Amino acid sequence: MDMDMDMSGIDGSVIESSLELAEKTNSRISSIQKRLSQDHVFYKQLKNHAEMLEDCRFYLQSKEHPIAFIGAIGIGKTSAICKILDLYTGQKPILSTGSGRTTICEVDIRHGDATSIKVHPHSETEIDLYLYELAGAIAVKAQGLTDEKDTNAYQLNMEIERALRNMTALTKSRPKDPKTGKKTTFDPAIELFNVMGGHAELFKELKARLDYLKRESTHFEPPSDEDPNIWLQSCFESLNLGKIKSAPLPKRIEITTNRQLLHSPTFEAFIKDTKGIDQTSNRQDLDGCLHDERTVSILCSGFNDAPADAIHKLLKSAKESGLDSRLVDESILLILDRNDEALRVTADHEPVEDIEEGREVKRDEIVTSLSRSLSLGALAIQFFNSEDDSPSELQAVIQSKVSALRHQRLHKIEEIDEAVNSIDSQVASLDEEQAISEVRKSLKSWFEENSLPPALSTSGYMELVGTIKSDAHPTSVNASVRRKGCWENLDYYQELGNACRRKASSQFGTRAAKLESLLDMLLKRESLMHVRHTVRQLSNTLDKRLGNILNTAYQLSIELYRAKLKTELNYWDQAAKRWGQGGGYRSRVADDTKAMFSSTLARKIESEVNQELEKLWSDTVIELKELIAYTDAEVDQLPSIKPKEVVSNSKKIEPLSQRGYTCPLCECKLELDDLSQHIKNEHKDQIDSMTTCKVCTTPLKLRNTIKHLKNVHESSTPSSSEKHPKKNKKATNPKVKIRVTTEDTPEETQAKIHDYIKRHPR
């Protein structure tokens with residue numbers, strides 16, 4: 001199978017062939033394992049390969065890939081989707097579009113033979129909360145209250161309020177005044193409040209009018225004699241506005257149409273039109289899109305402010321959560337330019353000649369901005385004008401992204417098959433064992449330093465406190481408090497989960513990055529070429545286990561906080577009463593929140609999370625050790641010099657042969673002075689890369705190679721102080737000590753030790 005083929009050229013036979021290969025490889029894994037004991041290193045490697053193989057097989061067997069359009073309200077996502085799918089009746093888009101706030105919920109658009117709409121409704125409990133808030137908002141307006149204490153107390157989502165008013169026959173109107181001839185706004189809801197006499201009474205009346213349990217129609221199809229596109233336009237708009245009497249309030253809408261986003265025999269892509277980002281981009285639905293390995297996220301931004309603030313925050317949060325490498329593979333930054341925005345760009349103070357030049361100038365600006373702020377200069381960038389551009393180029397980019405994701409799994413199956421072949425042919429190979437022993441030696445220092453898991457701080461709740469105090473809108477805080485922390489624009493548990501995941505990414509990710517650097521260095525050694533599959537296996541396993549640790553940090557913290565905070569009734573009651581006490585509402589709730597967490601609550605929960613993460617990390621380190629048969633018992637047998645051995649250990653490392661010193665990167669053999677110049681000339685760009693000393697396998701940066709060689713291996717001839725130790729007072733002075741600080745690198749510490757041995761022989 002040619003894995004260098006064009007991404008769009010992957011057809012069904014290639015997928016089928018790869019799945020057959022996965023099945024055969026899995027059978028061979030079982031066969032080889034029968035020849036091995038369960039504690040054999042190859043048995044554990046094969047078990048790990050079987051797990052990775054199953055991941056690839058499961059990924060490829062499922063054909064469905066969501067294409068999620070994400071962006072701020074009114075940015076033009078829905079218009080772009082209509083253009084891509086050619087969803088028009090005449091010149092008008094079929095899906096409701098405008099200046100924003102026209103779509104009531106997330107919309108999935110799938111390909112099918114027959115046009116239909118399916119509504120996934122809000123629950124009765126959710127509807128009761130919405131009606132209670134609507135009644136409150138009406139009460140405030142009816143009583144003419146204007147200060148913060150009352151005006152924002154019940155502020156519903158605009159789309160939700162509009163739909164509920166239609167569903168309860170309380171739609172506003174603008175009739176002409178018969179005396180003045182001017183239009184004035186008439187709100188029947190205010191008249192109804194005056195009749196009912198109070199908030200609670202109005203809520204009961206709204207609930208009776210809605211009679212929600214009788215709204216049972218969730219599946220809609222066009223009549224046989226009506227144009228499907230005209231029907232789709234009308235039905236979709238009516239559902240958004242709450243004008244279909246038998247339909248519930250939509251929480252998600254699923255549209256089936258004969259318009260297809262991509263044409264591929266091996267996968268099926270459907271569009272997910274997310275709700276526009278309003279107050280916050282920290283939402284579970286958006287988080288889910290970015291963390292789903294099957295989803296390609298189309299991050300939409302306007303032209304002039306690209307990347308828009310909401311998208312920049314979303315990218316920053318994803319990067320801090322450990323998704324920086326996946327963002328490049330699974331995301332596209334889509335710049336939705338309008339009118340002549342691209343033509344108004346200037347280059348070197350001169351106007352651009354055409355739209356393409358304007359876009360290229362803007363692309364350079366965006367790449368520079370993303371590179372500096374987030375190190376995401378490689379993120380795919382595409383421009384699209386819904387009025388003028390053909391969607392074919394954008395469709396090709398999306399198709400290439402999906403195909404590349406599937407191609408990665410195809411390649412990994414072949415890689416695993418190759419690794420299993422290697423294990424099968426080298427089960428009893430001495431060379432294999434010697435090479436694995438070299439890998440163990442190279443990773444020794446990392447295992448010594450990182451076997452114990454890091455301790456995470458118990459102050460993650462302070463991010464939630466900060467959000468409440470400074471970032472969230474007062475009405476969002478109020479709405480979240482009344483829902484015990486669950487509100488789309490301020491979800492306590494989402495904030496706490498993300499904070500925990502970010503801390504875990506910072507602590508565990510740093511350790512993992514050090515190991516990845518060592519593994520990358522090992523892959524470049526010619527002496528380890530025949531165990532490169534094992535080294536890659538370590539890397540793949542580390543990546544998967546780290547992802548599991550970060551997901552566990554997120555999910556477990558949400559689960560534990562939700563279970564505990566639901567019972568903190570005093571906090572929720574007190575926070576709810578803080579509303580209406582004048583300015584500073586958010587600060588008061590933030591102080592209450594900080595006080596609640598500052599007790600033992602946060603420590604207990606985060607301690608439980610930490611225990612689980614520590615166990616997962618310990619299990620990961622153990623698994624990595626098992627994959628190379630590394631045991632702590634053999635640490636003392638591996639070459640290194642420990643500080644406690646300095647006084648009694650007078651053995652010096654043997655000097656290099658007369659052939660000269662060997663470059664750690666390219667194997668060139670040179671005199672020491674020539675080696676220094678060689679590194680400057682040939683490897684200047686890799687001066688900070690990790691390598692190892694060719695003599696003692698000490699891990700060090702390339703820039704420190706010459707210093708290390710001079711201190712440790714430069715000469716085998718005893719110094720004058722070694723020939724005449726009695727004349728060297730320092731050599732016999734028992735008070736001489738080695739000064740080692742926490743800032744010293746491992747190679748600097750070892751150099752000091754060897755220098756001490758040379759100058760103070762016993």
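The basis for the numbers below is simple: all heavy atoms, side chains too, and nothing from hydrogens, waters or symmetry mates. Not measured: the values here are computed from a predicted model.
Closest of all the heavy-atom pairs between His291 and Arg326 is O-NH2, 2.9 Å. Here the closest heavy-atom approach between residue Leu290 and residue Ser297 is recorded as CD2-OG, 3.6 Å. Counting all heavy atoms, side chain and backbone alike, Pro307 lies closest to Ser369 at CD-OG, 4.4 Å. The two atoms that bring Ala504 and Leu613 nearest to each other are CB-CD1, 4.2 Å, heavy atoms only. The shortest heavy-atom contact between Ala590 and Ile468 is N-CG2, 3.9 Å. Scanning all heavy atoms of the two residues, the minimum distance from Ile117 to Cys235 falls at CD1-SG, 3.9 Å.
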Audit row: Ile75, Ile277, side chain to side chain contact (heavy atoms under 4.5 Å, CB included) steps and yes/no: CA-CA 10 Å; Ile75 201 64; Ile277 300 174; over 6 Å; no

One pair to check against side chain to side chain contact (heavy atoms under 4.5 Å, CB included): Lys316 and Lys319. What are the steps and the verdict? CA-CA 5 Å; Lys316 183 174 184 293; Lys319 181 178 171 64; 5.8 Å; no

Could you go step by step and tell me if Val107 and Thr78 meet the side chain to side chain contact (heavy atoms under 4.5 Å, CB included) rule? CA-CA 10 Å; Val107 180; Thr78 306; over 6 Å; no

Where do Arg294 and Glu330 land on the salt bridge (Lys or Arg N to Asp or Glu O under 4.0 Å) test, with the steps shown first? CA-CA 8 Å; Arg294 308 192 65 82; Glu330 301 171 16; over 6 Å; no

Begin from the C-alpha positions of Leu336 and Phe303 and carry the test side chain to side chain contact (heavy atoms under 4.5 Å, CB included) through to its verdict. CA-CA 6 Å; Leu336 299 170; Phe303 185 90; over 6 Å; no

Determine, step by step, whether Glu133 and Arg482 satisfy the salt bridge (Lys or Arg N to Asp or Glu O under 4.0 Å) criterion, reporting the C-alpha distance in whole Å, the side-chain angles of both residues, the deciding distance to 0.1 Å, and the verdict. CA-CA 10 Å; Glu133 290 167 344; Arg482 284 185 280 106; 3.0 Å; yes

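Around atom NZ of Lys566, more than 12 heavy atoms belonging to other residues, nucleotides or ligands sit under 6.0 Å away. Counted within 6.0 Å of CD on Glu608, heavy atoms from surrounding residues, nucleotides or ligands total 12 or fewer; the atom is thus considered open.
Contact of the Asp187 side chain with the Arg165 side chain is registered, since non-hydrogen atoms from C-beta on lie closer than 4.5 Å. Contact of the Trp579 side chain with the Val481 side chain is not registered, since no non-hydrogen atoms from C-beta on lie closer than 4.5 Å. A heavy-atom distance below 4.5 Å is not found between the side chains of Ser331 and Val296. Using a 4.5 Å cut-off on side-chain heavy atoms (C-beta onward), Pro250 and His120 make no contact. The closest side-chain heavy-atom distance from Ser587 to Lys469 is below 4.5 Å. A heavy-atom distance below 4.5 Å is found between the side chains of Ser116 and His219. Counting heavy atoms from C-beta outward, Leu565 and Tyr493 have side chains that approach closer than 4.5 Å. The shortest side-chain heavy-atom distance between Thr171 and Pro188 does not fall under the 4.5 Å cut-off.
Thr257 and His111 form no side-chain donor-acceptor contact under 3.5 Å, judged by distance and modelled atom types alone. Checked by atom type, the side-chain pair Gln494/Tyr554 shows a donor-acceptor distance below 3.5 Å. In this structure, a donor-acceptor pair under 3.5 Å is absent between the side chains of Asn489 and Thr280. Looking at Thr89 and Asn229, their side chains never bring a donor and an acceptor atom within 3.5 Å of each other. Thr185 and Arg174 are linked by a side-chain donor-acceptor pair at a separation below 3.5 angstrom, with hydrogens and angles left out of the test. A donor-acceptor contact closer than 3.5 angstrom is absent between the side chains of Ser79 and Ser386.
In this structure, Ser476 contributes its side chain and Ala472 its backbone to no donor-acceptor pair below 3.5 Å. Not one N or O on the side chain of Ser317 forms a donor-acceptor pair closer than 3.5 Å with the backbone of Leu314. Remark: the backbone N or O of Ile84 is not paired with any side-chain donor or acceptor of Arg259 at under 3.5 angstrom. Counting only distance, with no hydrogens or angles, the side chain of Asn194 and the backbone of Ile190 share a donor-acceptor pair below 3.5 Å. The main-chain N or O of Pro93 is found under 3.5 Å from a side-chain atom of Gln233 such that the two form a donor-acceptor pair. Looking at Asn166, its side chain never comes within 3.5 Å of a backbone N or O of Gly242 through a donor-acceptor pair. Checked by atom type and distance alone, the side chain of Ser238 pairs as donor or acceptor with a backbone atom of Ser234 at under 3.5 Å. The closest donor-acceptor contact from the side chain of Gln555 to the backbone of Thr552 lies at 3.5 Å or more, if one exists at all.
Tested against Thr274, the residues Thr103, Ile298, Leu286 include a single side chain to side chain contact (heavy atoms under 4.5 Å, CB included) partner, Leu286. Lys275 pairs with exactly one of Glu159, Glu106, Glu488 by the salt bridge (Lys or Arg N to Asp or Glu O under 4.0 Å) rule, that one being Glu488.
For Phe597 and Tyr561, the ring centers are positioned less than 6.0 Å apart. Ring pair Tyr212/His122: centre-to-centre distance not below 6.0 Å. The ring of His199 has its center closer than 6.0 angstrom to the ring center of Tyr132. Taking the six-membered ring for Trp and the full ring otherwise, Trp231 and Phe236 have centroids separated by 6.0 Å or more.
Rounded to the nearest 0.5 angstrom, Leu333 CG and Leu370 CG are separated by 6.5 Å. Rounding to the nearest 0.5 Å places CE of Met167 at 9.5 Å from CD1 of Ile160. Phe270 CZ to Thr295 OG1: the interatomic distance, rounded to the nearest 0.5 Å, is 7.0 Å. Residue Lys183 holds its NZ atom at 6.5 Å from NZ of Lys176, rounded to the nearest 0.5 Å. Atom-to-atom distance recorded for Glu226:CD and Thr115:OG1 is 11.0 Å, nearest 0.5 angstrom. Between the CZ atom of Phe220 and the CD1 atom of Ile253 there is a distance of 9.5 Å, given to the nearest 0.5 Å.
Salt-bridge annotation for Arg110 and Glu268: absent, with no side-chain N of the basic residue lying under 4.0 Å from a carboxylate O of the acidic one. The pair Arg283-Asp491 does not count as a salt bridge, with every side-chain nitrogen at least 4.0 angstrom from each carboxylate oxygen. Looking at Glu254 and Lys272, no side-chain N of the basic residue comes within less than 4.0 Å of a carboxylate O on the acidic one, giving no salt bridge. Salt-bridge formation is detected for the pair Arg501/Asp287: a Lys NZ or Arg NE/NH1/NH2 atom is positioned less than 4.0 Å from an Asp or Glu carboxylate oxygen. The existence of a salt bridge linking Arg215 and Glu124 is excluded, since no basic side-chain nitrogen approaches an acidic carboxylate oxygen closer than 4.0 Å. The pair Glu463-Arg502 meets the salt-bridge criterion, since a charged nitrogen lies less than 4.0 angstrom from a carboxylate oxygen. Using a 4.0 Å cut-off between charged side-chain N and carboxylate O, Asp591 and Lys594 make no salt bridge. Using a 4.0 Å cut-off between charged nitrogen and carboxylate oxygen, Lys577 and Asp573 do not count as a salt-bridge pair.
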